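Since we're looking at a predicted model, the values are computed, not measured.
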Amino acid sequence: MEDTQAVAALIRRCLAGDAVAWEEFVRSHNRRVYNLCYRFTGSAHDAEDLTQEVFIKVYRTLASFDAERGSFAAWLTAMTRNLLVDHFRRSKHDRVTDSLDAAPSAEPEAPTAGERLEDPARGPEQGIEAREAREKIHQALQKLSPELREAVILRDLQDMDYKEIAQALKVPEGTVKSRINRGRAELARLLQRTYKQVS
């Protein structure tokens, strides 16, 4: 949950031309934006380029942010998503990808989804099993439609609430819930099929 007063104060300093505030702003949001870009593109290089594009666009449009219309996190996610859509149109990719090696939240020290699957008390064999499980989930996520995948990623890996996702995707909350439910069900079906093939 973002501290709206702290965010508003930082934005005011950025808009006043405070370079230190802008550095702080980028540092505090860089990981979240990069993780979103990486999850959707599956490419570290593309994610770095897109992250820079997002911050350039944020710098140019920061004055348009209106806290009464939604949270800053939702505004930033919507801007990132719009750039990702443009990127896919340019590169003709129609599938989004995800990496479980990226952190699921804006917290720099937060464990990644992959780390959450791993138990440090387990031995190397269990570590290999956890990595294999991560890879299976990653492959199953790639098979979801972009609409379902982005809803599942934003909810289950970015830990955004329904309202924030609805604002970011510009769809009603009911649509968000439906996409998440359908995405999770499809993901479970794909994983069941994968594990049946393995066993």
Q. Between Leu36 and Val54, does a side-chain contact (heavy atoms from CB on, under 4.5 Å) hold up when you go through it step by step?
A. CA-CA 11 Å; Leu36 260 178; Val54 168; over 6 Å; no

Q. Who passes side-chain hydrogen bond (donor to acceptor under 3.5 Å, both in side chains) against Asn30, sequence neighbours left out?
A. none

Q: Run the numbers on Thr77 and Glu164 for side-chain contact (heavy atoms from CB on, under 4.5 Å), then give the verdict.
A: CA-CA 9 Å; Thr77 301; Glu164 288 177 327; over 6 Å; no

(Q) Run the side-chain contact (heavy atoms from CB on, under 4.5 Å) test on Asp46 and Cys37 for me, step by step, so that the C-alpha distance in whole Å, both residues' side-chain angles and the decisive distance to 0.1 Å come before the verdict. (A) CA-CA 8 Å; Asp46 286 348; Cys37 293; over 6 Å; no

Q) Does some side-chain heavy atom of Glu53 sit less than 4.5 Å from a side-chain heavy atom of His87? A) no

Q | Derivation of the side-chain contact (heavy atoms from CB on, under 4.5 Å) call for Tyr162 and Arg155 | A | CA-CA 7 Å; Tyr162 295 125; Arg155 177 69 187 139; 4.1 Å; yes

(Q) Could you check whether any side-chain heavy atom of Leu50 comes within less than 4.5 Å of a side-chain heavy atom of Val33, counting everything from C-beta outward? (A) no

Q. Should Thr4 and Ser71 count as side-chain neighbours, where that means a heavy-atom distance under 4.5 Å?
A. no

With a 3.5 Å cut-off and sequence neighbours excluded, list the donor-acceptor pairs that the side chains of residues 171-186 form with protein atoms.
residue: Asn181; atom: ND2; partner: Lys177; partner atom: O; Å: 3.3
residue: Arg184; atom: NE; partner: Asp156; partner atom: OD2; Å: 3.1
residue: Arg184; atom: NH2; partner: Asp156; partner atom: OD1; Å: 2.6
residue: Glu186; atom: OE1; partner: Arg189; partner atom: NE; Å: 3.2
residue: Glu186; atom: OE1; partner: Arg189; partner atom: NH2; Å: 3.4
residue: Glu186; atom: OE2; partner: Arg189; partner atom: NH2; Å: 2.4

Q. Taking C-beta and beyond as the side chain, do Thr61 and Met79 meet within less than 4.5 Å on heavy atoms?
A. yes

Q.
Quick one, His29 and Phe55 - any side-chain contact, counting heavy atoms below 4.5 Å?
A. yes

Q) Does some side-chain heavy atom of Lys170 sit less than 4.5 Å from a side-chain heavy atom of Asn82? A) yes

